[in-house]
Amino acid sequence: SQQGEEDPQALSIQEGENATMNCSYKTSINNLQWYRQNSGRGLVHLILIRSNEREKHSGRLRVTLDTSKKSSSLLITASRAADTASYFCATDAEGNNRLAFGKGNQVVVIP
Amino acid sequence: GEEVAQTPKHLVRGEGQKAKLYCAPIKGHSYVFWYQQVLKNEFKFLISFQNENVFDETGMPKERFSAKCLPNSPCSLEIQATKLEDSAVYFCASSQSVTGYGYTFGSGTRLTVV
């Protein structure tokens with residue numbers, strides 16, 4: 001089954017810096033979604049980008065999607081300590097009936 | 001309500017015992033999904049429901065795992081004769097549709113098999 005793969009796996013940055021993480025996938029998708037997981041909690045939906053979109057913004061989040069390269073990136077601008085979490089991409093693939101999640105990308109924002 | 005409620009938060013079972021987990025999806029969401037997360041890493045899809053009907057069960061270990069979503073009751077995931085490798089956090093999520101929408105996740109049930 002298709003699965004997103006985030007890269008890099010762990011990122012440690014200073015508060016105020018930007019954080020970028022990438023995700024690649026293998027098949028055709030309807031949309032790609034990013035989620036955040038704080039320690040010991042469930043996933044929180046951040047943003048959904050459809051296959052015909054190239055870029056989307058939500059507050060301090062910017063997501064890009066390149067369907068020709070089958071990749072997406074999530075940029076968090078002006079990071080805050082509260083952004084410390086694991087970030088997962090998930091693909092809604094054509095013909096599949098559920099989201100397939102990648103391995104996750106741990107981000108630590110140092111105050 | 002606006003959140004997916006999962007109970008219990010923690011469950012400890014001896015190997016071979018039964019474990020039953022519950023999930024109350026958001027009202028108005030037709031789809032319920034169960035995922036298993038081992039060691040804070042990948043989310044393994046188990047099963048999904050469209051209302052009370054099984055929609056996709058391709059991820060379910062058939063021998064010991066079963067799940068239900070009955071009308072006017074929380075959905076449930078049951079593991080018969082638990083094994084050590086069943087230790088994981090089990091997440092339930094609900095959504096308006098199987099595609100095109102984000103999922104709303106519960107906080108999970110941490111199952112520890114000893």
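Throughout, protein chains are lettered first and strands after them, A, B, ... in sequence-line order, and every chain is numbered starting at 1.
- Contact annotation for B:Y31: neither backbone nor side-chain heavy atoms come within less than 4.5 Å of a heavy atom of chain A.
- Tracing side-chain contacts under 4.5 Å through hydrophobic residues (I, L, V, M, F, W, Y), one reaches B:M60 starting from B:V54; they form part of the same cluster.
- At a 4.5 Å heavy-atom cutoff, the contact between A:N97 and chain B is made by backbone and side-chain atoms alike.
- Counted within 6.0 Å of CZ on A:R41, heavy atoms from surrounding residues, nucleotides or ligands total 12 or fewer; the atom is thus considered open.
- There is a side-chain donor-acceptor pair under 3.5 Å between B:T58 and A:R98.
- For the set B:Y35, B:F55, B:F33, the entry with the most heavy-atom pairs within less than 4.5 Å of chain A is B:Y35.
- With values rounded to the nearest 0.5 angstrom, A:L48 atom CG is found 10.5 Å from B:Y101 atom OH.
- Using a 4.5 Å cut-off between side-chain heavy atoms of Ile, Leu, Val, Met, Phe, Trp and Tyr, with links allowed through other members, B:L77 and B:Y22 fall into different hydrophobic clusters.
- Ring pair B:F43/A:F88 is perpendicular by interplanar angle, where above 60° counts as perpendicular and below 30° as parallel.
- By the rule that hydrophobic residues join a cluster once side-chain heavy atoms approach within less than 4.5 Å of another member, B:F45 and B:F65 end up as members of separate clusters.
- Follow the hydrophobic side-chain contacts under 4.5 Å out from B:I26 and you never reach B:W34; the two are in separate clusters.
- One hydrophobic cluster, built from ILVMFWY side chains closer than 4.5 Å, cannot hold both B:L21 and B:L70; they sit in different ones.
- Counting heavy-atom neighbours within 6.0 Å of A:R60 CZ, excluding the residue itself, gives a total above 12.
- Residue contact with chain B, scored on non-hydrogen atoms closer than 4.5 Å, involves the backbone and the side chain of A:L99 alike.
- Although no hydrogens or angles enter the test, the distance criterion places a donor-acceptor pair under 3.5 Å between the side chain of A:Y35 and the main chain of B:Y103.
- Options A:N31, A:N30, A:L43 differ in how many heavy-atom pairs under 4.5 Å they form with chain B, and the most are formed by A:L43.
- Ranked by heavy-atom pairs under 4.5 Å with chain A, the first of B:Q37, B:K44, B:R110 is B:Q37.
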